[in-house]
Structures are given as structure tokens and as C-alpha cells.
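These notes are about the structure you will find just below.
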Amino acid sequence: MAQKITKREQDYSQWYLDVVKEAKLAEHSPVRGCMVIRPNGMALWENMQAGLDGMFKETGHENAYFPLFIPKSFLSKEAQHVEGFAKECAVITHSRLKAVDGGVEVDPESKLEEELIVRPTSETIIWDTYRNWIQSFRDLPILINQWANVVRWEMRTRLFLRTMEFLWQEGHTAHATKQEAVDETLQMLEVYRTFAEDYMAMPVITGVKTESERFAGAEDTYCIEALMQDGKALQAGTSHFLGQNFAKAFDVKFQDSDGDHKLVWATSWGVSTRLIGGLIMTHSDDQGLVLPPKLAPTQVVIVPIYRDDEQRAVVLEYGDSIYNELKELGIRVKLDDRDNYKPGFKFAEHEATGIPLRIAVGPRDVEKGNVELARRDTKNKSFESREGIGTLVQELLGTIQNDLFETAKKRRDEKTSEVDSYEEFKSVLEEKGGFVYAHWDGTAETEELIKNETKATIRCIPLTEGKAGKCMVTGNPSKQKVLFAKAY
RNA sequence: CGGGGAGUGGCGCAGCCCGGUAGCGCAUCCGCUUUGGGAGCGGAGGGUCGCAGGUUCAAAUCCUGUCUCCCCGACCA
């Protein structure tokens with residue numbers, strides 16, 4: 001049997017690329033650092049979008065769309081923000097080409113008076129717009145989300161995890177009070193946690209970023225951090241309390257019920273196609289992609305097995321009846337009736353693409369009134385009665401969803417350590433990797449030192465209360481242990 | 001952006017050192033036999049050798065430039 005996917009233990013990076021390729025999720029494009037998202041990958045993203053979008057709507061948000069281009073001057077209005085993004089912006093300087101013997105070149109006559117920036121994020125153009133929308137406290141809050149593409153000029157890219165152009169959603173809200181904005185920030189963090197755990201079956205730690213890891217322009221950046229199978233952390237989503245920074249920069253004020261003019265409080269929050277990278281590295285194995293049923297574009301595939309046309313007809317009819325029964329129940333099911341591939345090939349292919357459940361039916365099953373059920377996650381096979389298969393499949397999809405989460409959580413917990421000394425910290429990182437909780441004195445200097453010496457960064461200061469102690473490096477007081485890891 | 005590796009039919013590779021006009025496996029198409037874990041045999045189609053210059057009677061092969069991808073670092077979601 002041809003093994004097309006590199007083993008994880010052999011080369012984790014190559015394994016990741018092989019899974020993306022064999023699952024037909026995405027491929028490299030002719031443009032450096034940009035990917036082509038293939039139908040399988042897009043269908044997965046669409047399911048993720050649907051789940052998140054529903055949760056945004058439930059929490060009172062509406063979708064809108066703002067331009068891809070941002071006038072250069074907008075970006076320079078918030079000092080921290082500019083500094084954070086200046087180095088990775090694509091700049092549009094000209095508006096047209098002209099034909100020259102067989103080719104084209106930039107028409108120097110078309111130079112723009114003010115350059116346009118391809119959005120790396122949309123705070124600036126959105127806040128410039130909000131200024132016009134907000135006069136009174138009655139206009140608040142504004143709770144808007146947009147689904148969009150953004151561009152960040154990255155030097156080193158990896159499919160889904162870091163690409164120059166990526167798809168994401170960015171929520172931008174405006175509030176009358178600080179408390180309301182803080183509540184919103186935390187509410188959306190909780191939405192992300194729920195989505196990661198309930199839909200993606202990916203356990204996450206919620207926390208606050210340190211100053212050095214904070215979003216440019218934010219007062220506080222909250223995040224969800226997941227741990228991948230290779231022991232490296234992945235920042236999977238962020239929710240920012242922006243204070244009044246953008247309100248000040250874009251002069252967004254409202255008249256409150258007390259008659260005073262006040263600056264608006266802001267939040268922004270986002271998750272991107274990077275989540276797909278996280279999903280892959282959380283569940284997948286050496287056979288390929290493993291998907292949680294809630295997000296899998298196809299949840300069940302039926303593979304017919306037969307020898308001749310006569311058997312084919314019988315088996316297909318049988319398979320078709322199962323297909324209809326599952327479809328009636330709202331299960332995303334496919335009947336793989338392709339005649340040019342053998343069952344073994346189909347099995348391997350459906351495993352590589354991560355379909356959670358496979359039903360194989362052959363003449364023997366038709367005769368006995370059976371089906372063969374195979375789970376993608378455990379590779380467990382069993383024979384089940386055709387009777388009541390719909391309910392069984394429905395239950396099993398739920399079981400798989402739960403088991404994936406439990407397995408991932410167990411793996412995460414096994415790779416999570418707690419240390420008291422810097423020596424211990426270094427040896428744990430070296431030998432085991434993963435998440436490491438340790439005391440830190442709260443200074444950027446110590447954080448920097450640890451990063452330089454061990455390559456581990458503070459992923460977050462967990463929201464759960466911890467005990468006070470002494471910094472493992474300096475011995476200075478520490479309020480609680482913080483979460484360290486090497487990160488993607 | 002620094003270091004290393006690589007670009008040759010759709011995919012994976014050989015050929016390059018030592019220039020002589022491109023080959024293998026898989027995939028594709030046709031036919032027959034097959035079908036409970038990546039089928040077999042026979043036949044067929046498909047390549048400006050990443051791109052641009054240069055050297056030469058002659059370049060996949062030698063020289064220069066350039067683009068892209070992969071791995072490792074620095075930076076970041």
C-alpha cells in the first residue's frame with residue numbers, strides 16, 4: 001500500500017503539508033505566500049463560518065462590509081496601531097497598466113495622489129465610518145462583524161497557519177461605557193472558546209496577552225490558545241478591548257444622557273482560516289485528516305461493494321435506501337457510487353479527507369441485513385443491523401464529536417506541566433514541550449530573557465485565579481503562574 | 001530578511017559532473033478481465049526541461065540574472 005503521507009514522528013511539518021494536500025484542502029498558488037483553497041477546504045471553512053456566524057447573531061451582532069482599501073493616512077492615526085502593522089502592508093501606488101509590445105507595464109501617469117493600503121485589519125476604516133454613525137448614546141452600542149479577506153506581508157508562510165492573504169471575520173463594536181466594552185470583549189472570547197471546544201473539538205486555554213504580545217492599539221488582548229500534537233501552541237483567536245484609543249484617533253464622540261460629550265469605547269475580535277490549521281493539527285493522524293462531525297462537509301460516506309452488474313444493482317439499491325434514510329435525518333451523507341475505483345482505494349481516500357464515518361455495504365450485508373460501520377477517528381469497525389441505522393449513525397456522530405474533544409483534551413493535559421524553577425522549566429521544555437505553567441515577575445525584560453534563552457513565549461495569563469509565588473527567573477513576586485509554550 | 005535544499009508531461013523522480021535534441025513510475029484515455037483495504041494485462045495521448053539573457057555548430061546539461069516552493073532561524077495571527 002502506497003503511503004502518501006509522511007509519518008508525524010518522522011517529519012511533523014511535512015506531515016502537515018501532506019495532510020493538507022491529500023485531504024485536498026488547499027494548495028500553493030502562483031503568488032508567493034498565497035494559497036488556493038480547494039472545494040474541500042472551502043466547504044470546511046463555510047461550516048465554520050456558519051457556526052460562528054450563528055453565534056455572532058445570537059449575541060446581537062450584524063454583518064456589514066467595509067472596503068478592501070484603506071487610505072494611507074487612516075492607518076497612521078493611531079500610533080501603536082501603525083507601528084504594529086507598518087512592516088507588513090501591501091501598498092497600492094498606481095491605478096492602471098498600459099500595453100507595451102506584447103506585455104504590460106505600470107503606467108507612471110496613473111500614480112495615486114494618496115496611496116491605498118490593502119487592509120491588514122479594518123479598525124481604521126471602520127472607526128472613520130463609525131464617527132459618522134455615532135452622535136448620541138442612543139446610537140450605541142454598534143455591534144458589527146464582517147467576513148473578509150485581509151493581507152499581511154509575511155516573510156515565511158505555511159498553508160492556513162500563516163499566509164499573506166487569509167480569510168477571517170473581524171468584529172468591531174462601539175460602546176458607551178468601559179464596562180460594556182470589557183463585557184463585550186469577554187463575551188466574544190467566550191464565544192470563541194465555545195466554538196473551538198464544541199464545534200472544533202479543540203480544547204483551549206483562555207487568557208490575557210502580555211504587553212509584548214498585545215494587539216497593536218489595544219488596551220488588553222484576550223486569546224484562546226490551543227496545543228498542537230507536536231507540543232507547540234497555536235493562538236487560535238483574539239478578542240481585544242481597545243479602550244478609547246481608536247475613538248481618540250478618529251474623534252468618535254457621543255452625547256450621553258447627562259448631556260456630556262464622551263469618547264466611545266471599543267472592541268475588536270477575530271478568527272481566521274488559521275483555525276483550519278489548528279483543526280488539522282489537533283485531530284489528524286498518519287492516515288490523513290480527521291474532522292469533527294459538526295464541521296465535516298461530509299459526515300458519512302457509503303461505499304458499495306460488488307462483483308458484477310447484478311450485485312451492483314442490488315447493493316446500490318440497498319446503499320441508496322440508507323442514503324435516503326440518513327439524509328432524511330439531516331445527516332450530510334454521500335453515496336460513493338463511482339465505478340472506476342475499487343473499494344480499497346475509496347476507503348483510503350475517504351480516510352485522507354477526514355470523513356468521520358464510513359458505511360460499507362456488500363452482497364453479504366444485503367443478505368444479512370447488515371452494514372459495516374467504520375469510525376475515522378478510532379478506525380474501529382463493526383457490523384450493525386440495517387434496521388435503525390439512522391438513529392445509530394446519529395448517535396455515533398455525537399459520540400465521535402465528544403471523543404475527539406476528550407482525546408484532544410487528554411493529549412493537551414498530558415503535555416501540560418507546572419514548574420517552580422527555571423532549571424525545571426528549561427528541562428521540561430526541552431524534553432517534553434507543550435504548555436508549561438510558571439511564575440513570572442510581570443516585566444517585559446524577564447519575558448524577553450526567557451524567550452531568548454528558551455524560545456518559549458508567554459502564551460497568556462490565564463483567566464482562572466492562581467496562587468501567588470516567586471518569579472522562576474528573578475525571584476520577584478508573581479501574582480499567579482502564567483502559561484508558557486513554544487508557539488506557531 | 002539570513003542559511004540550506006529543490007524546480008524536467010497532472011504528480012513523484014532520473015538524466016546535468018563529462019553539451020549531441022528527453023526517459024521512468026504513478027495518474028489520464030481506450031479495451032478486456034476485476035471489485036470486502038490504494039486491481040491486472042494490452043494499447044494510446046501528453047513535456048517551449050521555472051523564467052530571461054549569455055557561451056556554443058549544438059544547452060535540460062556550462063555561465064549570469066530572476067521568480068517560486070520546501071526546511072531551519074529572525075518577525076508576526
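Numbered from 1 within each chain, the chains take letters A, B, ... in sequence-line order.
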Subject >> Neighbours of RNA chain B within residues 357-372 of chain A, by heavy-atom distance under 4.0 Å >> reply: R358(A), A360(A), G362(A), P363(A), R364(A), D365(A), E372(A)

**OP:** Please name all residues satisfying side-chain contact (heavy atoms from CB on, under 4.5 Å) with T221(A), sequence neighbours left out, ordered by chain then number.
**Re:** K209(A), R214(A), F215(A), A218(A), T238(A), H240(A)

Original post:
Any chance the rings of F425(A) and F484(A) have centres within less than 6.0 Å?
Top reply: yes

**OP:** Represent RNA chain B in dot-bracket notation, 5' to 3'. Only Watson-Crick or G-U wobble pairs with both distances under 3.5 Å count; pseudoknot-style crossings use [ ] and interstrand partners use |.
**Re:** ((((((((.[[[[.)....(..]]]].((((((.....)))))).....[[[[[..)....]]]]])))))))....

**OP:** Scan K209(A) against the nucleic acid and name what it touches under 4.0 Å (heavy atoms): base, sugar-phosphate only, or nothing.
**Re:** nothing

**OP:** Under 4.0 Å between any heavy atoms, over every strand shown, what does T163(A) touch: base, sugar-phosphate, or nothing? Just pick one.
**Re:** base

**OP:** Identify whether any heavy atom of E88(A) sits under 4.0 Å from a base atom; if not, whether one sits that close to sugar-phosphate; answer base, sugar-phosphate or nothing.
**Re:** sugar-phosphate

**OP:** Determine the contact category for R152(A): base if any of its heavy atoms lies under 4.0 Å from a base atom, sugar-phosphate if only primed atoms, P, OP1 or OP2 are that close, otherwise nothing.
**Re:** base

**OP:** Indicate, with a heavy-atom threshold strictly under 4.0 Å, whether F166(A) touches base, sugar-phosphate, or nothing.
**Re:** base

Original post:
When all nucleic acid strands are considered with a 4.0 Å heavy-atom cut-off, which category describes E351(A): base, sugar-phosphate, or nothing?
Top reply: base

Original post:
So, is T157(A) close to the C69(B) phosphate, meaning a side-chain N or O under 4.0 Å from OP1 or OP2?
Top reply: no

**OP:** Looking only at side-chain atoms of K21(A), point me to the closest of G38(B), A74(B), C11(B).
**Re:** C11(B)

Original post:
Nearest to the side chain of L17(A), which nucleotide is it out of U35(B), C11(B), C70(B)?
Top reply: C70(B)

Original post:
Under 4.0 angstrom, heavy atoms only, what part of the nucleic acid is G278(A) near: base, sugar-phosphate, or nothing?
Top reply: nothing

Original post:
If you find the nucleotide of RNA chain B closest to R459(A) and the one closest to P304(A), which residue's nucleotide is nearer the 5' end?
Top reply: P304(A)

